[in-house]
Every structure is written in structure tokens, then in C-alpha cells.
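What follows is a set of notes on a single structure, which appears directly below.
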Amino acid sequence: MRVPFADVGPALIPDDIADEDALMMTDALSTGYFGAQLGDIVEGDTVIVFGAGPVGLYAAKSSWLMGAGRVIVIDHLDYRLDLARRFAHAETYNFSDYDDIILEMKRATDYLGADVVIDAVGAEADGNFLQHVTASKFKMQGGSPIALNWAIDSARKGGNISVMGAYGPIFSAVKFGDAMNKGLTIRTNQAPVKRQWPRLFEHIRAGYLKPSDIITHRIPLEHIAEGYHIFSAKLDDCVKTVVVPNS
Ligand SMILES: NC(=O)c1ccc[n+]([C@@H]2O[C@H](COP(=O)([O-])OP(=O)(O)OC[C@H]3O[C@@H](n4cnc5c(N)ncnc54)[C@H](O)[C@@H]3O)[C@@H](O)[C@H]2O)c1
């Protein structure tokens, strides 16, 4: 096995941190936590998280740790929204149950909009046929920006948007003018994974966070192809898969 930058990337897992909890820190947990950090949450804020995948679930959970007064998670997969309620204690909305999820979010926030919105979906978003076709079929844009546009629409004037979802380098039809006119602050980045670890260790030790609670599948290494298919096609109510060597 070749480990690039082996003198930089790997780190020792402290004895009191379970392997599966540490594993979640190497990507999704650090990203979700960072997503909440970039939202600059102030005590009592209403936070909307688009996407109930691993990143969105951790962002929702982390929002409480940063003082949110209300956390709402939006997706269209009910089994993931169920986990958002159980793991992240969030209010949930299935966007396919509503003609207009933005209007529903306006209603849910006294027509003000949310203080902070986190995009934990990225360019592979569902929810808008035209965006989907122009992005993935005709390659006219670098992915569907519908989740980001919903984030812009559901934030209050002067609110914050944190974009953890990944987007392609080329132009997508983002409602930038609306973001400008609403005076939104938009922040985004690849997660600085290792920087989050000391704080995340503290949260785990204090019992505020049990990262492995979102793991739904443990796949033996010899069944990795089947496991990857289950994971990538979101079959069998899959949220997070762990590959277990020698199981
Ligand atoms: N910034 C970073 O450093 C970083 C690190 C890791 C992952 N990511 C990105 O974060 C995003 C989420 O990662 P994940 O592992 O949770 O992915 P995932 O595919 O498991 O979850 C995305 C969720 O969004 C839902 N969804 C689709 N369209 C939606 C819409 N319009 N509104 C609301 N929900 C919608 C899907 O049903 C799915 O549950 C991806 O784009 C990934 O590439 C970024």
C-alpha cells in the first residue's frame, strides 16, 4: 500500500476514541462541523440544512453545538430525514411533499427566512428537472445549483450561507443577483479536516457527539464492489458505509 504524504496525513487515534468515531472525522464529520462553523451561528439562530447525507447530518448536529435555537433539515429521502430527527434532533421536510419548498420555509420562519443556511448537497442535486438536464445531460453547466439557489431563497436578508456541497469549476446558474440584493454572506471551502479534530475529540469525550451513530452498513473488504454499489446508489436505506478488513 502506498500512503502519499504519510508524514502529514495520518495521525494517532487517542486510546479513548473508538475507531469508527475516528473514521468519521476523516471527512464527513469534519466537513459538517466546518459547515456549521462557516455559518457563523449566533445563539438562538434558525439554521436550515439542505441535504441529509453524512455531511448534512453532521452539520445539523454541529449547529446545535454552536448555539442554534432551531435546526431544520431538508431532503427527499424519508429514511435519511428519519435519521436527521433521531441523530440530529432536527425538524425535517421532504421537499417532494411540497409544491414550493421555499414558500414552506418562508411559512416556517414567520416569512423572514433562516439566519443561516447550509448547502450539504452540491452539484448532484435533485429537485429541478431543467437544472438537472442542462447540467448532467447537456453539460451546459457544472452541475445543478438548485440546492444552492434554494439556500439563497430561504435565507433571511443579511443571512449567512455556508456551502459544503461540491461544485464543478465551470459556471452554474446560481442566483447571484438575489444573493447580492439580499446582502447575503456566502462562505465555502474544502474542509480543513485535521484542524477540527481537537475540538471534535472534546465533543465526543463530553458525550455530545457519537459520530458512528450514522453508520448504516459495515461491508467486508471482499464484498467491496457490492458495498460500493449499495452506497453510491443509496440502496437499502444506506447513509454511511464502512469497509471492514478481516471481518
Ligand atoms: N467541502 C468539503 O470539504 C466536502 C467534503 C466532503 C463532502 N463534500 C460534499 O458535500 C456534499 C454532501 O456529501 P454527502 O456525503 O453528505 O453526500 P450524499 O450524496 O450522501 O448526501 C446528499 C443528500 O442531498 C440530498 N439532496 C439531493 N438534492 C437535494 C435538494 N435539492 N435539496 C435537499 N437535499 C437534496 C440527497 O437525497 C442526499 O441525501 C457532496 O457534494 C460532497 O461532495 C464536501
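The first residue of the sequence shown is numbered 1, and numbering continues consecutively from there. Ligands are counted one by one from 1 in listed order, and the atoms in each one are counted from 1 as well.
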Legend entry - Check: Ala36 main-chain N/O paired with Ser63 side-chain donor or acceptor under 3.5 Å: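 No; zero donor-acceptor contacts below 3.5 Å.
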Legend entry - Arg107: side chain to side chain donor-acceptor pair (under 3.5 Å) partners, not counting sequence neighbours: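 Per chain and number, Arg107 pairs via side chain to side chain donor-acceptor pair (under 3.5 Å) with Glu104.
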Inset, instruction - With sequence neighbours excluded, tell me which residues meet side chain to side chain donor-acceptor pair (under 3.5 Å) with Glu20. - result: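 Checked Glu20 against side chain to side chain donor-acceptor pair (under 3.5 Å); matches are Arg218.
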Legend entry - Cationic N near anionic O, under 4.0 Å, Arg86 to Asp82: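 Here Arg86 pairs with Asp82 in a salt bridge, since their nearest N and O are under 4.0 Å apart.
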Please report, to 0.1 Å, the donor-acceptor pairs under 3.5 Å made by any side chain of residues 232-242, with sequence neighbours excluded.
residue, atom, partner, partner atom, Å
Ser232, OG, Tyr228, O, 3.1
Asp236, OD2, His217, NE2, 2.8

Legend entry - Atom-level proximity to ligand 1, residues with heavy atom under 4.0 Å: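 The answer is Asp27, Thr31, Phe50, Gly51, Gly53, Pro54, Val55, Ile74, Asp75, His76, Leu77, Arg80, Phe95, Ala120, Val121, Gly122, Ala125, Asp126, Ile146, Trp150, Met164, Gly165, Ala166, Asn189, Gln190, Ala191, Lys234, counting any residue whose heavy atom sits under 4.0 Å from ligand 1.
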Legend entry - Geometric class of the Phe87/Tyr58 ring pair [parallel <30°, tilted 30-60°, perpendicular >60°]: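 Because their plane-to-plane angle is over 60°, the rings of Tyr58 and Phe87 count as perpendicular.
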